[in-house]
Amino acid sequence: MVVMTEERADALFSALSDRTRRDILRRVLSAEHSVTTLAAAYDMSFAAVQKHVAILERAGLLTKRRHGREQLASGDVESVRTVGSMLDELEALWLGRIARIDALLDQET
C-alpha cells in the first residue's frame, strides 16, 4: 500500500493537470509504448514529449525501461487507482457536507 502524503498528492494531480500527459497515460495504460512512438502521436518535439513522460514518471504514474536503444513506457495501474481512491474520499467528504447543508435547510422550513 502506498502512503499518500500531501507532496505525493500534489505530484499526482499536477502531472494529471495537463491534457497531453493524461493522453500519454491513457496510451501507456493500455499497452507499453516506446517514447519515440508516443512522440509521433503529438504535434510537438520529441524533447517536449520526453518532458511530459518524465513528469509522469516522477509522479509514479508510469515506468520506463530500456530495451536496446529504445525507452519503453508503461502505466502504473496501482498509482492510477490511488488517484481514484483519493477522488472517492473527496467525493464522500463533499457529499456529507452537502447532506448536512440540506438537513440544515430542511430545519429552517
- Task: For R69 and T36, run side chain to side chain donor-acceptor pair (under 3.5 Å): C-alpha distance rounded to whole Å, both residues' side-chain angles, the deciding distance at 0.1 Å, then the answer.
- Result: CA-CA 11 Å; R69 294 177 58 171; T36 304; over 6 Å; no
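- Residues V83 and V77 share a hydrophobic cluster, clusters being chains of Ile/Leu/Val/Met/Phe/Trp/Tyr side chains in contact below 4.5 Å.
- Taking CG from D18 and CG from L56, the interatomic distance works out to 8.5 Å, rounded to the nearest 0.5 Å.
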- Task: Would you sort out whether H52 and Y42 count as a side-chain contact (heavy atoms from CB on, under 4.5 Å), showing the intermediate values?
- Result: CA-CA 11 Å; H52 284 299; Y42 302 100; over 6 Å; no
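- Grouping the Ile, Leu, Val, Met, Phe, Trp and Tyr side chains by contacts below 4.5 angstrom, directly or via other members, places L72 apart from I55.
- Every residue was checked against the side-chain contact (heavy atoms from CB on, under 4.5 Å) condition with S14, not counting sequence neighbours, and none meets it.
- We find the OG-CG distance between S17 and D10 to be 11.0 Å, quoted to the nearest 0.5 Å.
- Nearest heavy-atom pair, A15 versus L61, reported as atom, atom and distance to 0.1 Å: CB-CD1, 3.9 Å.
- Once rounded to the nearest 0.5 Å, the distance linking CG of L95 with CG of L90 reads 11.0 Å.
- A distance of 12.0 Å separates CD1 in I101 from CG in D106, rounded to the nearest 0.5 Å.
- Residues V28 and A73 share a closest heavy-atom pair of CG1-O, 3.7 Å.
- Taking hydrophobic clusters as Ile, Leu, Val, Met, Phe, Trp and Tyr residues chained together by side-chain heavy-atom distances below 4.5 Å, I24 shares a cluster with V80.
- Between R22 and L25, the closest side-chain pair of non-hydrogen atoms is not below 4.5 Å.
- Sorted by first and then second residue, the salt bridge (Lys or Arg N to Asp or Glu O under 4.0 Å) pairs involving residues 40-66 (not counting sequence neighbours) are E32-R65, E57-K64.
- Taken to the nearest 0.5 Å, the CG atom of L38 stands 11.0 Å off from the CD atom of Q50.
- Counting heavy atoms from C-beta outward, T20 and M44 have side chains that approach closer than 4.5 Å.
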- Message: Checking R27 against D23 for the salt bridge (Lys or Arg N to Asp or Glu O under 4.0 Å) test, could you report, in this order, the C-alpha distance in whole Å, the side-chain angles of both residues, the deciding distance, and whether it holds?
- Response: CA-CA 6 Å; R27 290 172 189 267; D23 190 61; 2.9 Å; yes
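- Nearest approach of A59 to L12, heavy atoms of both residues: O-CD2, 3.4 Å.
- Of the possible donor and acceptor atoms, none in the side chain of R21 sits under 3.5 Å from a partner among the backbone N and O of L16.
- Pairs engaging residues 89-99 under the salt bridge (Lys or Arg N to Asp or Glu O under 4.0 Å) rule: none recorded [sequence neighbours left out].
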